[in-house]
K.L.:
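After the structure tokens below, expect a handful of questions from me.
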Amino acid sequence: MNFCWITLNVKSMEESLKFYNELLGIKIFSRFSPNSGVDIAMIGENDKPKIELIYDKGNNSKIESRGISIGFEVKSLDETMKYIKSKGIIIKRGPISPSPKVKFFFIEDPNGVEVQIVENR
């Protein structure tokens with residue numbers, strides 16, 4: 001069994017794609033609308049697990065993001081922190097280094113999902 005994707009319900013597809021695609025550089029793998037008022041985007045690399053973003057205009061329930069965290073690995077945490085700050089994104093926690101081999105910080109996506117940026121040394 002292989003992990004394929006995680007699904008996130010989003011408040012705004014455009015805001016979410018701006019965050020993940022434009023700011024973080026995550027590629028849009030596919031995007032489609034299965035029916036009126038529903039927009040789905042799969043983001044990530046070919047042959048790797050994806051993030052499925054779903055916007056449903058008819059869904060009036062609150063987007064629940066509590067307890068969800070997504071991690072992305074970068075080559076340089078220091079350079080990424082500078083970039084993130086230059087884009088006006090608030091660093092929620094960190095940098096944290098629980099061991100000499102790993103260092104990370106947390107930001108939040110437009111839906112309140114915690115995004116961990118990690119450098120493995």
K.L.:
Between Tyr83 (side chain) and Leu23 (backbone), is there a donor-acceptor pair under 3.5 Å?
P.N.:
yes
K.L.:
Spell out, yes or no, whether Val118 and Ile6 are grouped together once hydrophobic residues are joined by side-chain heavy atoms under 4.5 Å, including indirect joins.
P.N.:
no
K.L.:
Would you say Asp109's side chain and Ser16's backbone share a donor-acceptor pair under 3.5 angstrom?
P.N.:
no
K.L.:
In the single-linkage hydrophobic clustering (I, L, V, M, F, W, Y; side-chain heavy atoms under 4.5 Å), do Phe104 and Ile70 co-cluster?
P.N.:
no
K.L.:
How many angstroms lie between CE in Met81 and CD1 in Ile89, if you round to the nearest 0.5 Å?
P.N.:
12.0 Å
K.L.:
Shortest non-hydrogen contact from Tyr55 to Val10?
P.N.:
CD1-O, 3.5 Å
K.L.:
Is Asp56 reaching over with its side chain to a backbone N or O of Val38, donor-acceptor style, under 3.5 angstrom?
P.N.:
no
K.L.:
Measuring from atom CD1 of Ile91 to atom CD1 of Ile117, what distance do you get when rounded to the nearest 0.5 angstrom?
P.N.:
9.5 Å
K.L.:
Closest approach of Ser97 and Arg121, non-hydrogen atoms and distance?
P.N.:
OG-NH2, 4.4 Å
K.L.:
Looking only at heavy atoms, which two atoms of Met13 and Arg31 are closest? And how far apart?
P.N.:
CG-NH2, 3.4 Å
K.L.:
Does Glu114 offer a backbone N or O that forms a donor-acceptor pair with the side chain of Lys92 under 3.5 Å?
P.N.:
no
K.L.:
Give the minimum heavy-atom separation between Glu119 and Asp78, together with the two atoms involved.
P.N.:
OE1-N, 4.5 Å
K.L.:
According to a hydrophobic-cluster definition based on side-chain heavy atoms being under 4.5 Å apart (Ile, Leu, Val, Met, Phe, Trp, Tyr only), do Val113 and Val74 belong together?
P.N.:
yes
K.L.:
Between Ile107 and Ile90, does a side chain to side chain contact (heavy atoms under 4.5 Å, CB included) hold up when you go through it step by step?
P.N.:
CA-CA 6 Å; Ile107 58 177; Ile90 297 168; over 6 Å; no
K.L.:
How long is the span from the CE atom in Met42 to the NZ atom in Lys27, to the nearest 0.5 Å?
P.N.:
16.0 Å
K.L.:
If hydrophobic clusters are built by linking Ile, Leu, Val, Met, Phe, Trp and Tyr wherever their side-chain heavy atoms come under 4.5 Å apart, do Phe3 and Phe72 end up in the same one?
P.N.:
yes
K.L.:
Under a 4.5 Å side-chain heavy-atom rule over Ile, Leu, Val, Met, Phe, Trp and Tyr, are Ile54 and Ile51 clustered together?
P.N.:
no
K.L.:
If only atom types and distance count, is the side chain of Lys103 paired as donor or acceptor with the main-chain N or O of Lys101 below 3.5 Å?
P.N.:
no
K.L.:
Specify the closest pair of heavy atoms between Phe106 and Gln116, including all atoms of both residues, with the distance to one decimal.
P.N.:
CE2-CB, 3.6 Å
K.L.:
Once you round to the nearest 0.5 Å, how far does OH of Tyr20 lie from CD1 of Ile43?
P.N.:
6.5 Å
